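A short write-up of the structure that comes next.
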Number of protein chains: 2
Amino acid sequence: MKNFLLQGSANAEEIKKADILDTATILFANKGFTNTSMTEVASLTGIVGATIFYHFKTKEELFVSVLENVKTGLVEAFSLYFQEEHFPSGLERLLGAIAYHLHIAEIKKEWFLLLRRHYTHELAAVNPTCRQHLEVVYTCLVEIFEKALTIGQEDGSVGQLSAKKTALIILAMVDGIIQLESNNLYNAGTLYSELLASCRKMVENK
Amino acid sequence: MKNFLLQGSANAEEIKKADILDTATILFANKGFTNTSMTEVASLTGIVGATIFYHFKTKEELFVSVLENVKTGLVEAFSLYFQEEHFPSGLERLLGAIAYHLHIAEIKKEWFLLLRRHYTHELAAVNPTCRQHLEVVYTCLVEIFEKALTIGQEDGSVGQLSAKKTALIILAMVDGIIQLESNNLYNAGTLYSELLASCRKMVENK
DNA sequence: GTACTAACTGACTGATCAGTCAGTATTGAA
DNA sequence: TTCAATACTGACTGATCAGTCAGTTAGTAC
């Protein structure tokens, strides 16, 4: 009854699929691929185990779709941020990007958990579609920092350095902090301002 | 026959156990806990599946022993390094420690893969022994950087900063780089010298 | 109402795996 | 030689799970 307007329409399946994807994202992110069963995803979406195979042929296909979803979400979030924010200098743009990265990592923990799962990278080595999604994500993240650094070098706020390599180092650094926090080894939240200060010292023009 | 001198002696079991631990370390590190079967570990150690349960009561017990082994190895490696090396300044000590960290991560990839596995951290949240091993490792790694920074502040090579927080940031950074490399997304090896330069800029006294 | 299709289901299969257990082989000590 | 302990084994159990399939239900078009 609840779906009577949609049943059979082009949207019905899309909505159900999106439902499954949301559930699967959280489960894959938090429990990993192997420890998440298709039946579990189905149940939490309100369908019976076997039905999920009607929407996604295999577990791997579901996983790749989840990754694609995360990719789209991440790329959109950053593109929106840079549409709305403007910065006095390349250096400030870099620091803004880092802060926003940390912010998204907090409100969308699943995304970053999923990206860090070993299975994601193991599958990428073997499944071209998966690899492509993963590459888009990482390229996007690196290029954000790289662009800010390049702008900063043009306006004089950033010193002499390889924009590409420094962007990679900053990404590794930000990711490392996110990870420290999610592993509960230290309350890394208190490190955010320290991290920004460190990055400033690392790249600023003296 | 091959064990006839050892059979029954106090050492026989220890040697067999060490054998199993070496195999299990590599498997757990590369395939994860769930995707490694006890039978597989046993076979690769030259015993029949069921026999492994004679040496380790459960799979979890085996995992914790593997982690303990890694902990001991890591702590020993660093303690040896600092016994043999001496540095002109705290800053140089820090850079030496970072370089050595990257070096061990290269020759003992399994150790760092294991430490980064999600299962390791999930188990630590639930198993006190596991948690203790993990804490010893991280405390050791952080304190190495922290000590170098403190020495550097005393001798004037390192600027005004929180040694503890900066040590955490550097650890996150180094770990992030190791991870970038092991995920094959970029050839992070070429980033090592850039990383050291960045760290120098981050902490040096100006 | 009939015919057709999309969405869904329950019951099943075959495979894998942690852990058990009753029993065998090997060895050192008496 | 006997005894007891140590190290090991093969056969088994019970549970989980991805994926299949034949069939049912619900909605749509005519």
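Just so we're clear, the structure is a prediction, and the values are computed from it rather than from any experiment. Note on naming: letters A, B, ... go to the chains in the order of the sequence lines (proteins, then strands), and numbering restarts at 1 for each one.
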Tell me, which of [range] have any heavy atom that sits under 4.0 Å from an atom in DNA chain C?
range                     : answer
residues 19-26 of chain B : none
residues 61-68 of chain A : none
residues 41-58 of chain B : B:A50, B:F53, B:T58

Starting at [atom1] of [X] and ending at [atom2] of [N], how long is that distance when rounded to a whole Å?
X     : N      : atom1 : atom2 : result
A:N35 : C:dT16 : CG    : P     : 18 Å
B:M38 : C:dT16 : CE    : C1'   : 15 Å
B:I15 : D:dT6  : CD1   : P     : 17 Å
B:K59 : C:dA18 : NZ    : P     : 4 Å
A:K31 : D:dC17 : NZ    : C1'   : 12 Å

Please check: side-chain N/O of [X] versus main-chain N/O of [Y], any donor-acceptor pairing under 3.5 Å?
X      : Y      : result
B:H121 : B:L115 : yes
A:T51  : A:I47  : no
B:Y81  : B:G96  : yes
B:T120 : B:L114 : yes

Sugar-phosphate only, base, or nothing, as touched by B:T36 at under 4.0 Å among non-hydrogen atoms: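 The residue B:T36 makes sugar-phosphate contact but no base contact.
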Mutual orientation of the aromatic rings belonging to A:F33 and A:Y119 [parallel < 30°, tilted 30-60°, perpendicular > 60°]: parallel
Whether A:H101 and A:F145 hold their rings parallel, tilted or perpendicular, with breakpoints at 30° and 60°: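 A:H101 vs A:F145 ring planes: parallel.
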Separation between CZ of B:R117 and CG of B:L123, rounded to the nearest 0.5 Å: 14.0 Å
SB check A:K201 B:E204 (cutoff 4.0 Å): no
Is it the case that the side chains of [Y] and [X] hold a donor-acceptor pair, with the cut-off being a distance below 3.5 Å and no angle test?
X      : Y      : answer
B:E106 : B:Y192 : yes
A:N127 : A:E60  : yes
B:T45  : B:D19  : no

